[in-house]
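The structure under discussion appears below in the form of structure tokens.
Labels below follow one simple rule: chain letters A, B, ... track the order of the sequence lines, proteins then strands, and each chain is numbered from 1.
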Amino acid sequence: DVKVTQSSRYLVKRTGEKVFLECVQDMDHENMFWYRQDPGLGLRLIYFSYDVKMKEKGDIPEGYSVSREKKERFSLILESASTNQTSMYLCASSLRNEQYFGPGTRLTVT
Amino acid sequence: GNSVTQMEGPVTLSEEAFLTINCTYTATGYPSLFWYVQYPGEGLQLLLKATKADDKGSNKGFEATYRKETTSFHLEKGSVQVSDSAVYFCASGYNNDMRFGAGTRLTVKP
């Protein structure tokens, strides 16, 4: 089975802090994604990566950056957390068209 | 562009009732279509998929048929169980361009 793990299930940070969310997949997938999930809005793509050190902006990249130094690991960085970044963050990796999701990180910014 | 519209919830049914959750998509070309399920506190899991017109995806008693003429991929189950209570997401797209609906929360009461 494909396994996608995320470093934290719950995280509480203060406004202005730098926040790192880590995601690791164990199936050698080339593509990895970061989404945020908000009620009534579904999933919105923040960034995706199609190879090591390669990244593309999604629909809502503002306030976020990403890093992919190794194939299995994709990090989402909030440079200066703000309260409107309180959300559920989901990481996924994909093989062809199927995406496999991690359990999510619920981030609260106070 | 690529987008998905799915039936708003919440949906509340009694056990053994028939379920339909409507989903329509707009896309250029012929996207793959998916239904994902999210149980409380978890990430999304692939429930079923269809990759071309008239394909029927099925899993755990759920079915959906790729209807190109109506650009739809409605989810159905003949007899729901309490354990089916979850949020269901319809998705459409290609490998790096996947669009998700807003999600439909289903509650099944005994």
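Looking at B:Q38, only its side chain comes within 4.5 Å of chain A, counting heavy atoms on both sides. Heavy atoms of B:L46 lying under 4.5 Å from chain A belong exclusively to its side chain. Proximity to chain A (any heavy atom under 4.5 Å) is restricted, for B:R99, to the side chain, taken from C-beta onward. Of the two parts of A:D59, only the side chain, counted from C-beta on, holds a non-hydrogen atom closer than 4.5 Å to a non-hydrogen atom of chain B. Neither the backbone nor the side chain of A:R44 comes within contact range of chain B; no heavy atom of the residue lies under 4.5 Å from a heavy atom of that chain. Using a 4.5 Å cut-off between heavy atoms, A:L43 touches chain B through backbone and side chain atoms alike. Interface remark: A:Q6 contributes no atoms to any contact with chain B (heavy atom separation under 4.5 Å).
Tracing side-chain contacts under 4.5 Å through hydrophobic residues (I, L, V, M, F, W, Y), one never reaches B:F100 starting from B:V37; they form parts of separate clusters. B:V4 and A:L45 sit in two unconnected hydrophobic clusters of ILVMFWY residues. Membership requires side-chain heavy atoms under 4.5 Å apart, directly or through other members. B:F62 and B:F89 are not part of a single hydrophobic cluster, where members link through side-chain heavy atoms under 4.5 Å apart. Following chains of ILVMFWY side-chain contacts shorter than 4.5 Å, one cannot reach B:Y25 starting from B:L44, and the two form parts of different hydrophobic clusters. By the rule that hydrophobic residues join a cluster once side-chain heavy atoms approach within less than 4.5 Å of another member, B:W35 and A:Y100 end up as members of separate clusters.
Residues A:E98 and B:Y36 approach most closely at C-OH, 4.3 Å, considering heavy atoms. The two atoms that bring A:G40 and B:A102 nearest to each other are O-CB, 3.5 Å, heavy atoms only.
Under a cut-off of 6.0 angstrom, the local environment of CD in B:Q81 is crowded, with over 12 non-hydrogen atoms contributed by other residues, nucleotides or ligands. Within a 6.0 Å sphere centred on OH of B:Y30, other residues, nucleotides and ligands contribute 12 heavy atoms or fewer. Within 6.0 Å of atom CD in B:E8, 12 or fewer heavy atoms from other residues, nucleotides or ligands are found, so the atom counts as exposed in its surroundings.
In this structure, B:E42 and A:F101 have side chains that are not in contact, with every pair of non-hydrogen atoms separated by 4.5 Å or more. Taking the side chain as every heavy atom from C-beta outward, B:F34 and A:Q99 never approach each other to under 4.5 Å. No side-chain heavy atom of B:M98 sits less than 4.5 Å from a side-chain heavy atom of A:F48.
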